[in-house]
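None of these values were measured; they are calculated from a predicted model. Read the numbers this way: they start at 1 and go in the same order the structure lists the ligands and their atoms.
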Amino acid sequence: MKKVLFLGLGYIGLPTAAVAANHGFEVIGVDVNPVVVDTINQGKIHIVEPDLAQIVKEAVQQGTLRAVSKPEPADAFFVVVPTPFKQNHRADITYVESATRSVIPFLKEGDLFVIESTSPVLTTERMADIIHKERPELKGKIYIAYCPERVLPGNTLYELVHNDRVIGGINPESTEKAIEFYSAFVQGKLHRTNARTAEMCKLTENSSRDSQIAFANELSMICDKAGVNVWELITLANKHPRVNILQPGCGVGGHCIAVDPWFIVSDYPEQAQLIKRARETNDYKADWCANRVIEACQQFVAENDREPVVAC
Ligand SMILES: NC(=O)c1ccc[n+]([C@@H]2O[C@H](COP(=O)([O-])OP(=O)(O)OC[C@H]3O[C@@H](n4cnc5c(N)ncnc54)[C@H](O)[C@@H]3O)[C@@H](O)[C@H]2O)c1
């Protein structure tokens with residue numbers, strides 16, 4: 001594994017590609033957006049991430065990272081494209097499928113294919129089926145795995161190297177091959193599993209965060225009705241040795257938590273009752289907060305005899 005190719009050079013793909021380029025790999029970054037390709041080849045970046053500009057510039061100048069619009073042969077392929085949800089909250093994996101199809105002609109015996117995009121359970125096995133259908137001679141001869149990303153944007157470069165990773169292949173040989181790649185730059189522990197457990201693990205992490213935040217958010221709305229200061233309440237409740245309630249807010253933050261739980265809910269609607277309710281509670285909390293701000297504005301206008309402001 002000397003030459004590695006990343007499909008998708010966004011908030012996750014570009015930092016990972018740049019870190020790999022600084023750890024001995026020749027890295028090709030593929031992006032369908034020509035502005036992204038041009039910007040990176042000038043040694044610049046199109047996203048906001050501390051310290052990323054410097055390592056991208058160095059890698060491009062040293063010739064270890066270059067961006068292109070179309071895939072080319074490599075020893076390892078990493079899919080890091082978007083996975084939004086559709087109107088019905090089902091995961092849209094068309095980007096993953098399109099990225100997968102784009103590299104099929106370049107795969108050869110011994111290559112590693114890894115999906116990093118947050119994906120519904122069974123996505124890796126479905127992409128393996130697509131690859132094997134197009135290239136039956138490669139069945140059992142290439143390595144296919146899933147390795148989700150769990151970095152916090154703003155601290156990506158540190159967490160990419162220091163966080164533990166969960167790595168699941170479609171068979172144990174694929175898991176080991178993927179471990180071999182990540183061990184070149186990850187200092188956190190690399191945990192072995194199978195592909196569908198790794199997929200579910202990523203969704204579980206963010207569903208867990210979502211449910212715990214929903215508890216705090218629901219509590220804040222109950223306390224508002226009850227005339228109880230929710231912040232004082234949570235501080236006091238957390239004095240219990242086995243209680244750890246999170247802080248309420250205006251919904252949830254970050255790129256992932258408002259999206260990923262839907263991938264469980266849409267695939268397992270009967271079983272995922274609590275996960276669905278948490279997602280709805282956190283979405284509702286944003287509206288609730290907005291209404292409270294509007295009410296406060298209106299009260300201010302009324303008490304100060306001001307002209308109403310349109311934005312209120
Ligand atoms: N951003 C985060 O904090 C975060 C954290 C963990 C996991 N993830 C997951 O990582 C994945 C990528 O997220 P992101 O934030 O980096 O997305 P992003 O939108 O920042 O970047 C994705 C890039 O992929 C490119 N792209 C789309 N289709 C392509 C194709 N077929 N071939 C090549 N390039 C293609 C787009 O042009 C874009 O530049 C998603 O599944 C996301 O859920 C994101």
Can you pull out the closest protein heavy atom to [atom]? Residue, atom name and distance to 0.1 Å, please.
atom	value
atom 29 (C) of ligand 1	Val81 CG1, 3.5 Å
atom 3 (O) of ligand 1	Pro153 CG, 3.1 Å
atom 14 (P) of ligand 1	Tyr11 N, 4.0 Å
atom 41 (O) of ligand 1	Thr83 OG1, 2.6 Å
atom 19 (O) of ligand 1	Pro82 CG, 4.0 Å
atom 43 (O) of ligand 1	Thr118 OG1, 3.3 Å
atom 2 (C) of ligand 1	Ile12 CD1, 3.7 Å
atom 26 (N) of ligand 1	Val32 CG2, 3.7 Å

Test: Glu97 and Arg101 ion pair at under 4.0 Å
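A salt bridge is present here (some side-chain N lies under 4.0 Å from a carboxylate O).
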Can you tell whether the side chains of Arg279 and Asp283 come within less than 4.0 Å, N to carboxylate O?
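Looking at Asp283 together with Arg279, the answer is yes, because their closest N to O distance falls below 4.0 Å.
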List ligand 1 atoms under 4.0 Å from [X], heavy atoms only on the residue side.
X	result
Ala99	31 (N)
Gly8	23 (C), 24 (O), 25 (C), 33 (C), 34 (N)
Gly10	16 (O), 18 (P), 20 (O), 21 (O), 23 (C)
Ser98	31 (N)
Val30	33 (C), 34 (N)

Check: Leu160 and Thr16 side chains under 4.5 Å, non-hydrogen atoms
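Of all side-chain heavy-atom pairs linking Leu160 with Thr16, at least one is under 4.5 Å.
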Among side-chain atoms of [X] and [Y], is any donor-acceptor pair under 3.5 angstrom?
X	Y	result
Asn171	Ser174	yes
Gln62	Glu58	no
Lys86	Ser266	no

Is there a donor-acceptor contact under 3.5 Å from the side chain of Glu199 to the main chain of Leu122?
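It does hold such a pair.
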Rounded to the nearest 0.5 Å, what separation is found between the CG atom of Leu5 and the CZ atom of Phe25?
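Between Leu5 CG and Phe25 CZ, I get 13.5 Å after rounding to 0.5 Å.
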Does [X] reach ligand 1 with a nitrogen or oxygen that is under 3.5 Å from one of the ligand's nitrogen or oxygen atoms?
X	result
Val80	no
Glu149	no
Asp31	yes

Pairs involving residues 218-255, ordered by first then second residue, that meet ring pair (Phe, Tyr, Trp, His ring centres under 6.0 Å) (sequence neighbours left out):
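Listed once each, the pairs are Tyr11-His255.
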Do Phe78 and Phe181 make the cut of ring centroids closer than 6.0 angstrom?
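Phe78 vs Phe181: aromatic centres under 6.0 Å.
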Any idea which part of [X] is under 4.0 Å from ligand 1, heavy-atom wise: side chain, backbone, both or neither?
X	value
Ser117	both
Pro148	neither
Lys202	side chain

Which is it for Glu218 and Arg277 under the salt bridge (charged side-chain N to carboxylate O under 4.0 Å, His left out) test, yes or no, and what are the steps along the way?
CA-CA 11 Å; Glu218 185 167 287; Arg277 198 74 192 94; 5.6 Å; no
Glu125/Ile144 under side-chain contact (heavy atoms from CB on, under 4.5 Å): CA gap, chis, key distance, verdict:
CA-CA 9 Å; Glu125 286 162 72; Ile144 300 177; over 6 Å; no
